[in-house]
Student: 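Structure provided below as structure tokens; questions to follow.
Per chain, numbering begins at 1; letters A, B, ... match sequence-line order.
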Protein chains: 2
Amino acid sequence: MVPVDDDALAAGWHELMGRYQRLTCALDRELQAGHGLSASEFEVLQQLSHAPDHSLRMSELAESAHVSQSALSRLVSRLEVDGLLQRSACTQDRRSLFVELTALGVTRYDEARPTQRRVLREDTQQAGGCLQRE
Amino acid sequence: MVPVDDDALAAGWHELMGRYQRLTCALDRELQAGHGLSASEFEVLQQLSHAPDHSLRMSELAESAHVSQSALSRLVSRLEVDGLLQRSACTQDRRSLFVELTALGVTRYDEARPTQRRVLREDTQQAGGCLQRE
DNA sequence: AAACATTAGATGCACACTCATGTGTTAGGG
DNA sequence: CCCTAACACATGAGTGTGCATCTAATGTTT
């Protein structure tokens, strides 16, 4: 077991916090201005767009989009009002709900994706950001 | 210039989000339960404790703790009520305020630090977490 | 010196989040 | 079967945050 220096760990965490704050802030600003989406909302659309049939259970979606259960419930409500996705019952387990991207949701995601990618790229270049895997 | 794959960038960002959410959640839970501090509040105490005279200007503190100006203003108000720190005027520039850790604040930070380090260590081990620098 | 621009910090407001709990559904004993 | 536990999601209450704006102090221009 490699001995891990606590202070190095704290420094790493501090750096992670910084990068996260900076990126979240930039993404929120640009996605909101350009497409009326928050970073979390974009992330939800992204996970759905990568799912088979553009559809996932709420619980699966919460897991894969790194959003809490209650936050997802409200977030999905908002996006459903906007017409970007829709909930539908799950006949196998009536406790579950499926969330499915609408055509409008697909379009909105496709429009927003270049913006998100651009922000990520800009930050990575400017900050020597270590987003890519080693 | 190395060509950067947009999808790899997005994957890296997704991973960063996950690690941040997981750690923030764990830190908030444990620090709150054990010491009545949020992760942000702990971070502020930490920056102050590493500063000369345990004292920083609000603007410096906001920068180094990765907290927005308005969030810091309220956060400092809370911690001041709790007696962990105190604001004091800056005679050179009366727009600025100094924030200084009180004895109680130092104590509280020293108590909380092992908890924070433990959470970081546990997460790093469990998730192969890449917190340490390369 | 007067007028204007800039900066530091506080605050009203709207909003998203967390926590705890409620409702309805499914699964597992006794 | 019935009763209880576990689960999926929704929701009310409380709280922290961001944005825009305000006040006060400083810097700059003419």
Side-chain angles (χ1 to χ4, degrees), chain A residues 17 20-34 36-45 55-82 84-100, chain B residues 17 20-33 36-44 48 55-82 85-100:
Chain A
M17 270 184 82
Y20 178 84
Q21 298 287 358
R22 198 158 23 80
L23 267 168
T24 298
C25 194
L27 284 172
D28 271 333
R29 197 159 11 84
E30 305 250 353
L31 288 174
Q32 195 69 51
L37 293 172
S38 71
S40 294
E41 288 166 347
F42 177 86
E43 195 63 24
V44 164
L45 294 186
S55 177
L56 285 173
R57 282 187 173 78
M58 289 282 286
S59 52
E60 298 169 327
L61 187 51
E63 168 101 16
S64 75
H66 303 306
V67 174
S68 79
Q69 185 267 316
S70 83
L72 180 67
S73 178
R74 298 177 213 260
L75 192 156
V76 165
S77 294
R78 291 196 299 273
L79 295 187
E80 191 171 33
V81 168
D82 293 344
L84 302 187
L85 49 78
Q86 59 189 10
R87 289 182 245 229
S88 59
C90 169
T91 51
Q92 288 81 16
D93 183 344
R94 295 195 305 185
R95 291 171 301 183
S96 294
L97 288 181
F98 281 114
V99 184
E100 185 183 355
Chain B
M17 270 184 82
Y20 178 85
Q21 296 289 357
R22 201 159 21 81
L23 267 168
T24 297
C25 193
L27 284 171
D28 271 333
R29 197 161 8 85
E30 305 250 353
L31 288 174
Q32 194 68 52
L37 293 172
S38 71
S40 293
E41 288 165 347
F42 176 86
E43 195 63 23
V44 164
L48 283 174
S55 178
L56 285 173
R57 281 188 172 80
M58 290 284 286
S59 53
E60 299 169 327
L61 187 51
E63 169 101 17
S64 75
H66 303 307
V67 174
S68 79
Q69 186 266 319
S70 84
L72 180 67
S73 178
R74 299 177 215 260
L75 192 157
V76 164
S77 293
R78 292 196 299 273
L79 294 187
E80 190 172 34
V81 169
D82 293 345
L85 50 76
Q86 60 188 11
R87 290 183 245 229
S88 59
C90 170
T91 51
Q92 288 80 17
D93 183 344
R94 294 195 306 185
R95 292 171 301 182
S96 294
L97 288 181
F98 281 113
V99 185
E100 183 182 356

Student: Rounded to the nearest angstrom, tell me the gap between atom CG in A:L75 and atom C1' in C:dC17.
Tutor: 11 Å

Student: Under 4.0 angstrom, heavy atoms only, what part of the nucleic acid is B:R29 near: base, sugar-phosphate, or nothing?
Tutor: nothing

Student: Are the side chains of A:M58 and A:V76 in contact, using a 4.5 Å heavy-atom criterion?
Tutor: yes

Student: Just so I know, are the side chains of A:L37 and A:L84 near enough to count as touching, which here means a heavy-atom distance under 4.5 Å?
Tutor: yes

Student: Spell out yes or no: do the side chain of B:R95 and the base of C:dT7 have one donor N/O and one acceptor N/O closer than 3.5 Å?
Tutor: yes

Student: Would the distance check show the side chain of B:E80 and the main-chain N or O of B:R87 forming a donor-acceptor pair, the cut-off being under 3.5 Å?
Tutor: yes

Student: When all nucleic acid strands are considered with a 4.0 Å heavy-atom cut-off, which category describes A:D28: base, sugar-phosphate, or nothing?
Tutor: nothing

Student: Do side-chain atoms of A:S73 reach the backbone of A:Q69 as a donor and acceptor pair under 3.5 angstrom?
Tutor: no

Student: Please give, in whole Å, the distance from D:dT17 C1' to A:Q32 CD?
Tutor: 14 Å

Student: Does CD belonging to A:E63 count more than 12 external heavy atoms closer than 6.0 Å?
Tutor: no

Student: Suppose we call a contact any N or O donor and acceptor under 3.5 Å apart; does that hold for the side chain of B:R78 and the base of D:dT15?
Tutor: no

Student: Once you round it to whole Å, what is the distance between P of C:dC15 and CD of A:E41?
Tutor: 13 Å

Student: Does B:S68 put a side-chain nitrogen or oxygen below 4.0 Å from OP1 or OP2 of D:dT17?
Tutor: no

Student: In terms of the nearest nucleotide of DNA chain C, which residue is placed more toward the 5' end: A:S40 or A:C90?
Tutor: A:S40

Student: Measure CD/B:E30 against P/C:dT18 and give the value in whole Å, please.
Tutor: 17 Å

Student: Take atom CD of B:Q21 and atom C1' of C:dA16, then tell me their distance rounded to the nearest Å.
Tutor: 13 Å

Student: So B:S59, base contact, sugar-phosphate only, or nothing? Heavy-atom distance under 4.0 Å.
Tutor: sugar-phosphate

Student: Do the side chain of B:R94 and the base of D:dG27 come within less than 3.5 angstrom through a donor-acceptor pair of N or O atoms?
Tutor: no

Student: Taking the nucleotide of DNA chain D with the nearest heavy atom to each, does A:S70 or A:S96 sit closer to the 5' end?
Tutor: A:S96

Student: Rounded to the Å, how far apart are A:Q69 CD and C:dT21 P?
Tutor: 15 Å

Student: Check if the side chain of B:R74 and the base of D:dG18 share a donor-acceptor pair of N or O atoms closer than 3.5 Å.
Tutor: yes

Student: A:L97 has an atom CG; how far is it from atom C1' of D:dT11, in whole Å?
Tutor: 14 Å

Student: Whole Å only: how far is the CD atom of B:E63 from the P atom of C:dA8?
Tutor: 11 Å

Student: Using a 4.0 Å heavy-atom cut-off across all strands, classify B:S73 as base, sugar-phosphate, or nothing.
Tutor: base

